[in-house]
Amino acid sequence: MGKYEGKRVVITGGSSGFGLATAQLLVDEGARVLITGRDQAALDAARDRLGRSAVAVRSDAASLPDIDALADRVKAEFGTVDALFANAGVNGFAPFEATSEELFDQLLTINAKGPYFTIQKLAPLLAEGSGVVLTTSVANVLGLPMLSAYAAGKAAVRSMTRSLARELLPRKIRVNAVSPGPIDSGILEKSMPREAADQAKAQMAADNPMLRMGTPLEVATTVLFLAFDATYTTGAELAVDGGGSQL
Ligand SMILES: NC(=O)c1ccc[n+]([C@@H]2O[C@H](COP(=O)([O-])OP(=O)(O)OC[C@H]3O[C@@H](n4cnc5c(N)ncnc54)[C@H](OP(=O)(O)O)[C@@H]3O)[C@@H](O)[C@H]2O)c1
(Lines give C-alpha, C1' and ligand atoms only; values in the text may rest on other atoms or scores of the structure.)
Protein backbone atom coordinates (compact mmCIF):
# COMPACT_ATOMS: atom_id res chain seq x y z
CA MET A 1 0.00 0.00 0.00
CA GLY A 2 1.35 3.42 -1.01
CA LYS A 3 2.22 6.03 1.60
CA TYR A 4 -0.51 8.39 0.33
CA GLU A 5 -3.19 5.79 -0.47
CA GLY A 6 -6.66 7.34 -0.18
CA LYS A 7 -5.36 10.91 0.11
CA ARG A 8 -6.90 13.65 -2.06
CA VAL A 9 -4.62 16.53 -2.89
CA VAL A 10 -5.13 19.77 -4.83
CA ILE A 11 -2.07 21.37 -6.47
CA THR A 12 -2.39 24.74 -8.18
CA GLY A 13 0.28 25.16 -10.82
CA GLY A 14 0.52 21.39 -11.09
CA SER A 15 1.14 21.17 -14.81
CA SER A 16 4.92 21.67 -14.62
CA GLY A 17 7.86 22.24 -12.31
CA PHE A 18 7.49 21.61 -8.56
CA GLY A 19 3.75 21.17 -8.78
CA LEU A 20 4.02 18.37 -11.31
CA ALA A 21 6.91 16.72 -9.43
CA THR A 22 4.79 16.76 -6.27
CA ALA A 23 1.78 15.34 -8.12
CA GLN A 24 3.96 12.54 -9.51
CA LEU A 25 5.24 11.53 -6.06
CA LEU A 26 1.67 11.51 -4.77
CA VAL A 27 0.13 9.36 -7.51
CA ASP A 28 3.11 7.00 -7.35
CA GLU A 29 2.19 6.43 -3.69
CA GLY A 30 -1.55 5.98 -4.19
CA ALA A 31 -3.04 9.48 -3.87
CA ARG A 32 -5.55 11.18 -6.14
CA VAL A 33 -4.54 14.64 -7.30
CA LEU A 34 -6.29 17.57 -8.91
CA ILE A 35 -3.86 19.88 -10.69
CA THR A 36 -4.42 23.32 -12.22
CA GLY A 37 -2.72 25.61 -14.71
CA ARG A 38 -3.70 27.95 -17.54
CA ASP A 39 -2.22 26.24 -20.58
CA GLN A 40 -4.51 23.42 -21.74
CA ALA A 41 -1.80 21.57 -23.70
CA ALA A 42 0.48 21.50 -20.64
CA LEU A 43 -2.42 20.30 -18.49
CA ASP A 44 -3.26 17.52 -20.96
CA ALA A 45 0.38 16.39 -21.09
CA ALA A 46 0.62 16.38 -17.30
CA ARG A 47 -2.61 14.41 -16.91
CA ASP A 48 -1.41 11.85 -19.48
CA ARG A 49 1.85 11.49 -17.59
CA LEU A 50 0.18 11.17 -14.17
CA GLY A 51 -2.47 8.71 -15.28
CA ARG A 52 -5.94 7.90 -14.04
CA SER A 53 -5.43 9.17 -10.49
CA ALA A 54 -5.11 12.74 -11.76
CA VAL A 55 -7.69 15.33 -12.76
CA ALA A 56 -6.45 18.40 -14.63
CA VAL A 57 -8.50 21.60 -14.44
CA ARG A 58 -7.87 24.78 -16.38
CA SER A 59 -8.04 27.55 -13.78
CA ASP A 60 -6.36 30.94 -13.59
CA ALA A 61 -5.11 31.74 -10.08
CA ALA A 62 -5.54 35.44 -10.88
CA SER A 63 -9.29 35.06 -11.45
CA LEU A 64 -11.75 34.94 -8.55
CA PRO A 65 -14.50 33.39 -10.74
CA ASP A 66 -12.01 30.68 -11.75
CA ILE A 67 -11.13 30.02 -8.12
CA ASP A 68 -14.83 29.76 -7.22
CA ALA A 69 -15.35 27.30 -10.08
CA LEU A 70 -12.27 25.37 -8.93
CA ALA A 71 -13.72 25.00 -5.45
CA ASP A 72 -16.96 23.62 -6.95
CA ARG A 73 -14.99 21.16 -9.08
CA VAL A 74 -12.85 20.03 -6.14
CA LYS A 75 -15.98 19.46 -4.09
CA ALA A 76 -17.51 17.41 -6.90
CA GLU A 77 -14.36 15.34 -7.48
CA PHE A 78 -13.09 14.83 -3.94
CA GLY A 79 -15.64 16.04 -1.40
CA THR A 80 -12.94 16.83 1.12
CA VAL A 81 -9.22 17.44 0.64
CA ASP A 82 -6.25 16.15 2.69
CA ALA A 83 -3.65 18.59 1.38
CA LEU A 84 -3.60 21.77 -0.68
CA PHE A 85 -0.40 22.96 -2.39
CA ALA A 86 -1.01 26.60 -3.38
CA ASN A 87 1.89 26.78 -5.79
CA ALA A 88 0.79 28.51 -9.00
CA GLY A 89 3.14 31.35 -9.73
CA VAL A 90 5.16 33.25 -12.29
CA ASN A 91 8.40 35.17 -12.17
CA GLY A 92 9.18 38.52 -13.71
CA PHE A 93 12.45 40.42 -13.83
CA ALA A 94 12.89 44.18 -14.14
CA PRO A 95 15.04 46.86 -12.52
CA PHE A 96 13.09 48.85 -9.91
CA GLU A 97 13.05 51.99 -12.10
CA ALA A 98 11.62 50.04 -15.05
CA THR A 99 9.02 47.97 -13.20
CA SER A 100 5.67 48.80 -14.78
CA GLU A 101 2.32 48.88 -13.03
CA GLU A 102 1.29 45.99 -15.29
CA LEU A 103 4.20 43.78 -14.18
CA PHE A 104 3.68 44.72 -10.52
CA ASP A 105 -0.03 43.88 -10.72
CA GLN A 106 0.61 40.61 -12.55
CA LEU A 107 3.15 39.40 -9.99
CA LEU A 108 1.15 40.43 -6.95
CA THR A 109 -2.14 39.16 -8.37
CA ILE A 110 -0.98 35.71 -9.45
CA ASN A 111 1.60 35.11 -6.74
CA ALA A 112 -0.05 36.65 -3.66
CA LYS A 113 -3.76 37.27 -4.25
CA GLY A 114 -4.00 33.89 -6.01
CA PRO A 115 -2.94 31.66 -3.11
CA TYR A 116 -4.80 33.82 -0.59
CA PHE A 117 -8.18 33.36 -2.27
CA THR A 118 -7.46 29.79 -3.35
CA ILE A 119 -6.98 28.85 0.28
CA GLN A 120 -10.01 30.91 1.35
CA LYS A 121 -12.33 29.27 -1.19
CA LEU A 122 -11.02 25.74 -0.62
CA ALA A 123 -10.84 26.05 3.18
CA PRO A 124 -14.36 24.69 3.70
CA LEU A 125 -13.26 21.50 1.91
CA LEU A 126 -10.07 20.96 3.93
CA ALA A 127 -10.36 17.97 6.23
CA GLU A 128 -9.48 18.20 9.92
CA GLY A 129 -5.77 17.45 10.21
CA SER A 130 -5.02 18.48 6.64
CA GLY A 131 -1.98 20.46 5.53
CA VAL A 132 -1.69 23.54 3.32
CA VAL A 133 1.62 24.43 1.71
CA LEU A 134 2.29 27.72 -0.08
CA THR A 135 5.22 28.41 -2.39
CA THR A 136 7.18 31.47 -1.41
CA SER A 137 10.83 32.13 -2.39
CA VAL A 138 14.16 32.92 -0.75
CA ALA A 139 13.71 36.27 -2.53
CA ASN A 140 11.37 37.16 0.35
CA VAL A 141 14.37 37.71 2.65
CA LEU A 142 17.07 38.73 0.16
CA GLY A 143 17.57 42.06 -1.57
CA LEU A 144 18.04 40.58 -5.02
CA PRO A 145 18.32 42.85 -8.07
CA MET A 146 15.59 42.82 -10.75
CA LEU A 147 13.11 41.11 -8.45
CA SER A 148 11.61 43.86 -6.28
CA ALA A 149 7.96 43.24 -7.26
CA TYR A 150 8.36 39.46 -7.33
CA ALA A 151 10.04 39.51 -3.90
CA ALA A 152 7.26 41.70 -2.47
CA GLY A 153 4.65 39.20 -3.62
CA LYS A 154 6.57 36.30 -2.12
CA ALA A 155 7.05 38.21 1.16
CA ALA A 156 3.27 38.61 1.23
CA VAL A 157 3.00 34.83 0.85
CA ARG A 158 5.40 34.38 3.78
CA SER A 159 3.26 36.69 5.89
CA MET A 160 -0.07 35.09 4.99
CA THR A 161 1.38 31.68 5.86
CA ARG A 162 1.62 32.85 9.46
CA SER A 163 -1.79 34.57 9.54
CA LEU A 164 -3.68 31.72 7.89
CA ALA A 165 -1.90 29.18 10.12
CA ARG A 166 -3.31 31.06 13.11
CA GLU A 167 -6.82 31.37 11.69
CA LEU A 168 -7.11 27.76 10.53
CA LEU A 169 -5.60 26.30 13.70
CA PRO A 170 -9.00 25.81 15.39
CA ARG A 171 -9.88 23.40 12.56
CA LYS A 172 -6.54 21.56 13.08
CA ILE A 173 -5.35 22.60 9.63
CA ARG A 174 -1.61 23.33 9.41
CA VAL A 175 -0.33 26.00 7.02
CA ASN A 176 3.35 26.12 6.04
CA ALA A 177 5.47 27.45 3.20
CA VAL A 178 8.24 26.01 1.07
CA SER A 179 10.87 28.59 0.15
CA PRO A 180 12.84 27.51 -2.90
CA GLY A 181 16.12 29.01 -3.97
CA PRO A 182 17.36 28.49 -7.53
CA ILE A 183 15.60 25.38 -8.82
CA ASP A 184 16.01 24.15 -12.38
CA SER A 185 12.30 23.77 -13.13
CA GLY A 186 12.11 25.41 -16.56
CA ILE A 187 10.52 28.59 -15.14
CA LEU A 188 13.44 30.79 -16.24
CA GLU A 189 13.08 29.68 -19.84
CA LYS A 190 9.48 30.94 -19.75
CA SER A 191 10.52 34.55 -19.09
CA MET A 192 13.77 34.96 -21.06
CA PRO A 193 15.52 33.62 -24.17
CA ARG A 194 17.22 30.23 -23.87
CA GLU A 195 20.75 31.66 -24.01
CA ALA A 196 20.05 34.19 -21.27
CA ALA A 197 18.43 31.47 -19.15
CA ASP A 198 21.48 29.23 -19.54
CA GLN A 199 23.75 32.10 -18.48
CA ALA A 200 21.57 32.94 -15.51
CA LYS A 201 21.48 29.30 -14.41
CA ALA A 202 25.27 28.95 -14.63
CA GLN A 203 25.64 32.09 -12.50
CA MET A 204 23.08 30.90 -9.92
CA ALA A 205 24.85 27.54 -9.61
CA ALA A 206 28.25 29.23 -9.20
CA ASP A 207 26.86 31.58 -6.51
CA ASN A 208 25.16 28.81 -4.49
CA PRO A 209 26.91 27.29 -1.44
CA MET A 210 26.34 23.81 -2.92
CA LEU A 211 27.55 25.02 -6.33
CA ARG A 212 24.46 23.74 -8.09
CA MET A 213 20.78 24.45 -8.65
CA GLY A 214 18.16 22.33 -6.95
CA THR A 215 15.73 19.96 -8.63
CA PRO A 216 11.91 19.98 -8.66
CA LEU A 217 12.04 16.61 -6.84
CA GLU A 218 13.95 18.21 -3.95
CA VAL A 219 11.14 20.75 -3.58
CA ALA A 220 8.43 18.10 -3.94
CA THR A 221 9.78 15.92 -1.12
CA THR A 222 9.86 18.99 1.14
CA VAL A 223 6.28 19.92 0.21
CA LEU A 224 5.06 16.44 1.13
CA PHE A 225 7.01 16.55 4.39
CA LEU A 226 5.27 19.82 5.31
CA ALA A 227 1.85 18.67 4.10
CA PHE A 228 1.77 15.27 5.78
CA ASP A 229 4.69 14.55 8.11
CA ALA A 230 5.35 17.83 9.93
CA THR A 231 2.43 17.37 12.33
CA TYR A 232 3.80 19.75 15.03
CA THR A 233 4.72 22.51 12.57
CA THR A 234 2.53 25.38 11.42
CA GLY A 235 3.16 28.93 10.22
CA ALA A 236 6.71 27.90 9.28
CA GLU A 237 8.80 28.26 6.16
CA LEU A 238 11.34 25.66 5.01
CA ALA A 239 14.06 26.75 2.61
CA VAL A 240 15.12 24.45 -0.23
CA ASP A 241 18.01 26.51 -1.47
CA GLY A 242 21.34 24.73 -1.04
CA GLY A 243 21.90 26.94 2.00
CA GLY A 244 21.77 30.12 -0.08
CA SER A 245 19.61 32.08 2.36
CA GLN A 246 21.42 30.76 5.46
CA LEU A 247 25.17 30.45 4.83
N1 LIG B 1 12.14 27.68 -10.01
C2 LIG B 1 12.62 28.47 -9.06
O3 LIG B 1 13.84 28.67 -8.98
C4 LIG B 1 11.70 29.08 -8.03
C5 LIG B 1 12.28 29.66 -6.90
C6 LIG B 1 11.45 30.20 -5.93
C7 LIG B 1 10.08 30.15 -6.08
N8 LIG B 1 9.54 29.61 -7.20
C9 LIG B 1 8.07 29.55 -7.26
O10 LIG B 1 7.68 28.20 -7.36
C11 LIG B 1 6.38 28.10 -7.97
C12 LIG B 1 6.43 27.05 -9.06
O13 LIG B 1 7.39 27.43 -9.98
P14 LIG B 1 8.20 26.40 -10.90
O15 LIG B 1 9.62 26.78 -10.79
O16 LIG B 1 7.77 25.01 -10.65
O17 LIG B 1 7.73 26.95 -12.33
P18 LIG B 1 6.84 26.37 -13.50
O19 LIG B 1 7.38 25.08 -13.99
O20 LIG B 1 6.71 27.51 -14.45
O21 LIG B 1 5.44 26.07 -12.81
C22 LIG B 1 4.51 27.07 -12.54
C23 LIG B 1 3.14 26.45 -12.55
O24 LIG B 1 2.19 27.45 -12.20
C25 LIG B 1 1.22 27.55 -13.23
N26 LIG B 1 0.72 28.91 -13.27
C27 LIG B 1 1.40 30.06 -13.52
N28 LIG B 1 0.57 31.09 -13.49
C29 LIG B 1 -0.66 30.59 -13.20
C30 LIG B 1 -1.95 31.17 -13.04
N31 LIG B 1 -2.16 32.48 -13.17
N32 LIG B 1 -2.98 30.35 -12.75
C33 LIG B 1 -2.80 29.02 -12.62
N34 LIG B 1 -1.62 28.42 -12.78
C35 LIG B 1 -0.56 29.21 -13.06
C36 LIG B 1 1.95 27.13 -14.50
O37 LIG B 1 1.07 26.70 -15.53
P38 LIG B 1 0.57 27.76 -16.66
O39 LIG B 1 1.73 28.63 -17.03
O40 LIG B 1 0.07 26.90 -17.78
O41 LIG B 1 -0.52 28.53 -16.03
C42 LIG B 1 2.73 25.94 -13.93
O43 LIG B 1 1.91 24.81 -13.79
C44 LIG B 1 6.06 29.52 -8.43
O45 LIG B 1 5.20 30.10 -7.46
C46 LIG B 1 7.41 30.23 -8.43
O47 LIG B 1 7.30 31.61 -8.20
C48 LIG B 1 10.32 29.06 -8.18
Side-chain angles (χ1 to χ4, degrees), residues 10-24 33-47 49-50 54 56-67 69-70 73 85-93 105-118 121 133-142 144 146-147 149-158 160-161 177-192 197 200-201 203-205 207-208 212-220 222-223 237-242 244-245:
V10 175
I11 302 176
T12 68
S15 58
S16 70
F18 317 155
L20 182 55
T22 306
Q24 187 72 63
V33 298
L34 187 150
I35 61 169
T36 75
R38 294 164 301 177
D39 183 73
Q40 190 63 52
L43 282 167
D44 291 346
R47 192 203 48 227
R49 177 174 144 182
L50 294 168
V57 178
R58 189 162 181 278
S59 177
D60 184 350
S63 157
L64 267 290
D66 275 20
I67 296 174
L70 175 66
R73 181 73 186 271
F85 182 23
N87 167 69
V90 290
N91 63 12
F93 300 91
D105 285 348
Q106 184 202 29
L107 290 169
L108 273 287
T109 302
I110 297 175
N111 292 356
K113 182 177 158 187
Y116 186 90
F117 284 103
T118 299
K121 302 294 182 182
V133 180
L134 298 91
T135 305
T136 179
S137 164
V138 293
N140 72 15
V141 288
L142 300 173
L144 297 171
M146 309 282 282
L147 285 168
Y150 174 84
K154 291 301 189 181
V157 171
R158 175 64 188 101
M160 71 180 74
T161 300
V178 65
S179 183
I183 311 292
D184 194 1
S185 65
I187 195 172
L188 275 182
E189 290 82 348
K190 291 181 179 175
S191 60
M192 59 178 75
K201 289 199 288 188
Q203 191 62 52
M204 285 192 277
D207 291 345
N208 187 267
R212 67 173 178 89
M213 295 182 77
T215 66
L217 182 62
E218 288 173 314
V219 179
T222 306
V223 170
E237 161 184 81
L238 190 46
V240 183
D241 67 346
S245 62

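Counting starts at 1 for both ligands and their atoms, in listed order.
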Going by heavy atoms, is [X] under 4.0 Å from ligand 1?
| X | result |
| --- | --- |
| Ala46 | no |
| Val90 | yes |
| Ile110 | yes |

To the closest 0.5 Å, what do you measure between [atom1] ([X]) and [atom2] ([Y])?
| X | Y | atom1 | atom2 | value |
| --- | --- | --- | --- | --- |
| Ser15 | Ile35 | OG | CD1 | 6.0 Å |
| Thr118 | Lys113 | OG1 | NZ | 11.0 Å |
| Asp60 | Leu70 | CG | CG | 11.0 Å |
| Phe117 | Asp66 | CZ | CG | 14.5 Å |
| Gln40 | Arg47 | CD | CZ | 7.5 Å |
| Phe85 | Leu134 | CZ | CG | 9.0 Å |

Quick test: of every protein heavy atom, which one is nearest to [atom], and how far off is it to 0.1 Å?
| atom | result |
| --- | --- |
| atom 15 (O) of ligand 1 | Ser185 OG, 2.5 Å |
| atom 3 (O) of ligand 1 | Ile183 N, 2.9 Å |
| atom 6 (C) of ligand 1 | Pro180 O, 3.3 Å |
| atom 38 (P) of ligand 1 | Arg38 N, 3.5 Å |

Any side-chain heavy atom of [X] within less than 4.5 Å of one from [Y]?
| X | Y | value |
| --- | --- | --- |
| Val178 | Thr135 | yes |
| Leu20 | Ile11 | no |
| Thr36 | Arg73 | no |
| Leu64 | Lys121 | yes |

message: Counting only heavy atoms, tell me which of Gly89, Ala88, Gly13 gets closest to atom 27 (C) of ligand 1.
response: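 Of the listed residues, Gly89 has the closest heavy atom.
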message: Considering Asn87, Ile35, Ile67, Asp184 one by one, which has a heavy atom nearer to atom 12 (C) of ligand 1 than any of the others?
response: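 Looking at heavy atoms only, the winner is Asn87.
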Closer than 4.0 Å to some heavy atom of [X] - which atoms of ligand 1 meet that?
| X | result |
| --- | --- |
| Asp39 | 40 (O) |
| Lys190 | 18 (P), 19 (O), 20 (O) |
| Thr135 | 9 (C), 10 (O), 11 (C) |
| Ser137 | 6 (C), 7 (C) |
| Asp60 | 30 (C), 31 (N), 32 (N) |
| Ser16 | 18 (P), 19 (O), 20 (O), 21 (O), 42 (C), 43 (O) |
| Tyr150 | 6 (C), 7 (C), 8 (N), 9 (C), 46 (C), 47 (O) |
| Gly17 | 16 (O), 19 (O) |

Thr12 side-chain N/O to Ala88 backbone N/O, donor-acceptor pair under 3.5 Å: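 Judged by distance alone, yes, a pair lies under 3.5 Å.
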query: Is Lys154 reaching over with its side chain to a backbone N or O of Val141, donor-acceptor style, under 3.5 angstrom?
result: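 No: the side chain of Lys154 does not pair with the backbone of Val141.
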Does any N or O atom in [X] lie less than 3.5 angstrom from one in ligand 1, N or O only?
| X | value |
| --- | --- |
| Gly181 | yes |
| Ala61 | yes |
| Phe18 | yes |
| Lys154 | yes |
| Thr136 | no |

query: Between Glu189 and Lys201, is the closest basic N to carboxylate O distance under 4.0 Å?
result: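 The answer is yes: the pair qualifies as a salt bridge.
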Smallest separation among heavy atoms of Met213 and Asp184, with atom names: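 That closest heavy-atom pairing would be CE-N, 3.7 Å.
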Ligand 1 contact on [X] by region, counting heavy-atom pairs under 4.0 Å:
| X | answer |
| --- | --- |
| Met213 | neither |
| Ala42 | neither |
| Ser59 | backbone |

task: Sort out for me which residue in Leu188, Asn111, Leu107 forms a side-chain contact (heavy atoms from CB on, under 4.5 Å) with Asn91.
output: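 Only one of Leu188, Asn111, Leu107 forms a side-chain contact (heavy atoms from CB on, under 4.5 Å) with Asn91, namely Leu188.
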